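Inspection log for the structure reproduced underneath, given as structure tokens.
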Amino acid sequence: MCGGESASELLHCATCMTSSSTTPYPKTRFIFVTGGVVSSLGKGIASASLAALFEARGLTVTMQKLDPYINVDPGTMSPYQHGEVFVTDDGTETDLDLGHYERFSHITTGRHSNYTTGRIYESVIRRERRGDYLGATVQVIPHITDAIKRAILTLSDQHADIALVEIGGTVGDIESLPFLEAIRQMRFDLGRKRTAFLHLTLVPYIASAGEMKSKPTQHSVQKLREIGIQPDVLLCRSEHPIPKAQRDKIALFCNVERDAVIEGPDVDTIYGVPLSLHNGGLGHAILDHFEMEQTEPDLTPWEDICRKFRHPTRTVRIAMVGKYVQLLDAYKSINEALIHGGIAHEARVEVNFVDAEKIEKTDMDGLKSADGILVPGGFGERGTEGKIAAIRYARERGIPYLGICLGMQLAVIEFARHVAGIEDATSSEFDHHAEHPVIGLMTEWERDGARVHRSSNGDLGGTMRLGGYPCRLTAGTHTYAAYQRDEIRERHRHRYEFNNHYREQLEQAGMVIAGILPDESLVEIIEIADHPWFVACQFHPEFISRPYAPHPLFADFVDASIKHQQQ
Ligand code: GLN
């Protein structure tokens with residue numbers, strides 16, 4: 001049983017919360033990444049970059065994020081507070097750091113790649129109610145910490161050389177303590193050669209003193225030591241390079257090897273971080289700690305990406321029409337995918353965020369200088385009329401348009417209203433009693449055998465079509481020209497769908513169905529005939545774009561925008 005067993009029993013436990021926790025694959029070494037001093041140090045990007053440095057050495061890597069908040073998953077959290085919800089292929093709604101993990105490596109993340117305090121407690125409470133603990137008092141230590149360890153050990157199933165585990169939050173927070181205790185125990189369970197503690201801190205530059213200060217780092221390490229964790233490697237974030245003497249001082253006071261105090265200066269692009277951390281010696285320090293062979297990474301792909309990013313031959317302007325557009329993290333993956341599309345054509349993509357509600361007041365100024373227009377995903381009615389006006393502007397003026405999820409649904413509504421003559425066309429998301437819901441819930445228009453995503457207990461979580469689905473493309477479309485494939489697989493996160501009752505009418509008016517679910521039941525991509533480039537998809541292509549493999553739709557959207565600019 002799992003109730004407070006010893007370390008070795010735990011590793012063999014068969015009735016675990018998750019799929020199969022067994023003895024951890026003996027080759028897997030665990031790196032635990034913590035952060036100190038302040039939040040927003042770029043722990044996710046640093047962890048992802050470290051994964052890139054290992055992959056560049058031919059090692060296999062897996063990654064996980066442990067989040068101290070109580071939400072069971074981030075699916076219910078506002079993207080305007082917490083940043084975007086990243087969706088994995090297996091349909092898990094996760095923290096946006098997993099997007100960084102996938103973009104910097106070849107990892108496909110999934111349901112075991114993100115655990116929150118809420119999810120851990122939920123599993124323990126469920127077992128307590130089942131009576132699994134046989135009358136024991138259920139406590140943070142050992143029951144919660146054991147559940148955390150089991151979550152971490154699911155990574156071992158992937159038989160990777162390295163498992164990177166990032167702990168969210170900042171050392172010193174009450175919330176993250178059980179996670180820190182769990183990783184402390186993992187060092188005890190698995191030993192020094194199979195576990196490394198990497199701690200990120202901030203070394204601020206105090207202009208009036210003309211000095212960089214190591215004190216916050218010392219205090220943060222003290223905090224870690226109080227709970228029994230002695231960091232093995234320190235990554236010191238700073239605005240400027242940190243002089244050797246300063247790093248040696250940090251090493252002495254923090255009890256860390258001199259070569260294991262690594263500087264992490266600010267870089268102009270996140271894709272420069274793997275190179276910067278390599279130059280700082282991070283990969284070497286970790287290999288040294290694990291007593292692994294010191295090999296040189298092949299970083300040419302990252303050098304190429306940085307060169308193209310830093311030396312664009314042109315600038316292309318994309319207007320992104322959304323609500324609360326000032327919160328950049330809400331559209332993280334789209335912004336990155338646009339950068340990747342730019343890299344594919346040696347173009348710098350300047351994204352101009354346009355507030356949909358301003359457009360509603362017939363202020364089209366934000367669109368006037370745009371070479372391309374993009375409407376991203378979203379929920380709720382607010383701002384939708386402005387987005388529809390922007391889509392009409394793109395359609396009528398032949399400006400390249402990329403619509404994503406809600407941006408596709410609104411494109412269908414716009415076309416239905418202004419081209420097909422269905423004046424009151426809308427989505428049943430905005431009007432439950434709509435006469436013409438060209439976009440609606442699958443259940444509303446009775447799709448036979450549909451995988452309807454409704455939870456049985458009325459929870460908000462998990463009621464959407466989530467994760468990867470196949471899509472068959474129509475030859476001769478812009479979409480087909482982009483992908484050059486008959487069938488693709490893309491990730492979804494939505495409740496509403498194109499209503500098939502209107503399909504024929506819309507096609508007759510000039511809408512092109514460029515992609516459908518292979519059983520022909522759901523429209524996934526639409527285009528508009530006689531337009532230079534108007535593509536709108538029900539899925540989220542941004543989640544699978546990589547800097548080393550720009551997504552075909554983003555690459556072709558940028559290309560079409562360049563051509564529009566040159567007209
Ligand atoms: N609100 C729409 C739906 O639920 C679109 C969702 C989205 O853009 N991610 O279907």
Side-chain angles (χ1 to χ4, degrees), residues 73-80 82-89 91-94 96 99 320-325 327 329-335 337 356 373-388 390-391 401-414 416 425-432 434 437-445 447 450-455 459-469 471 490-500 502 515 517 521-526 535-545 553:
D73 63 46
T76 53
M77 291 162 88
S78 163
Y80 309 115
H82 187 72
E84 100 185 345
V85 175
F86 184 78
V87 181
T88 59
D89 187 74
T92 314
E93 297 174 283
T94 69
L96 59 76
M320 177 136 104
V321 186
K323 50 178 185 178
Y324 311 113
V325 278
L327 290 132
D329 270 2
Y331 303 110
K332 189 91 214 155
S333 292
I334 294 185
N335 288 327
I373 295 178
L374 189 156
V375 174
F379 292 84
E381 193 179 6
R382 210 174 131 192
T384 50
E385 289 304 323
K387 292 177 194 177
I388 289 171
I391 295 167
Y401 174 73
L402 177 59
I404 296 176
C405 207
L406 182 67
M408 176 268 201
Q409 299 174 354
L410 297 178
V412 173
I413 295 171
E414 192 281 318
T426 187
S427 162
S428 57
E429 179 177 10
F430 318 138
D431 178 2
H432 295 306
V438 291
I439 303 293
L441 287 177
M442 286 186 274
T443 44
E444 289 168 349
W445 42 276
R447 181 177 162 245
R451 254 164 85 185
V452 179
H453 296 262
R454 275 195 183 288
S455 76
D459 280 0
L460 272 184
T463 59
M464 289 191 266
R465 179 147 80 110
L466 282 169
Y469 283 81
C471 170
E490 293 279 358
R491 298 183 194 173
H492 292 246
R493 182 175 187 252
H494 56 99
R495 290 189 179 84
Y496 296 84
E497 302 280 356
F498 181 107
N499 184 341
N500 282 339
Y502 294 92
L517 199 68
S521 60
L522 293 173
V523 171
E524 305 280 28
I525 311 170
I526 61 126
V535 177
C537 50
Q538 183 59 83
F539 48 78
H540 289 271
E542 69 272 22
F543 290 141
I544 61 169
S545 187
L553 287 185

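Note that the coordinates shown come from a computational prediction; the quantities given were computed from them, not determined experimentally. Every number for a ligand or one of its atoms is a count from 1 in the order of the listing.
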Practice prompt. Answer yes when E429 and R495 have at least one side-chain N-carboxylate O distance shorter than 4.0 Å, and no when they do not.
Written response: no
Item to complete: Ignoring hydrogens, just give me the one of E429, Q409, E381, M408 whose non-hydrogen atom is nearest atom 1 (N) of ligand 1.
Response: E429
Item to complete: May I ask you to test the I404-Y331 pair for a side-chain heavy-atom distance under 4.5 Å?
Response: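 In short, these two side chains do not touch, never coming nearer than 4.5 Å.
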Discussion item. Quick check: do I525 and V535 have side-chain heavy atoms less than 4.5 Å from each other?
Written reply: yes
In the protein, what heavy atom is nearest to [atom], and what distance, to one decimal place, separates them?
atom: atom 9 (N) of ligand 1; answer: R493 O, 2.9 Å
atom: atom 6 (C) of ligand 1; answer: G378 O, 3.3 Å
atom: atom 4 (O) of ligand 1; answer: R495 N, 3.0 Å
atom: atom 7 (C) of ligand 1; answer: C405 SG, 3.0 Å
atom: atom 10 (O) of ligand 1; answer: Y496 N, 2.8 Å

Any side-chain to backbone donor/acceptor pair from [X] onto [Y]? Under 3.5 Å, distance only.
X: H494; Y: Y496; answer: yes
X: T94; Y: F86; answer: yes
X: N499; Y: G440; answer: no

Discussion item. Using a 4.0 Å cutoff against the non-hydrogen atoms of G377, which atoms of ligand 1 qualify?
Written reply: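 In order of numbering, the contacting atoms are 8 (O).
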Practice prompt. Report yes or no: does H540 have a heavy atom closer than 4.0 Å to ligand 1?
Written response: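 The answer is yes: ligand 1 sits under 4.0 Å from a heavy atom of H540.
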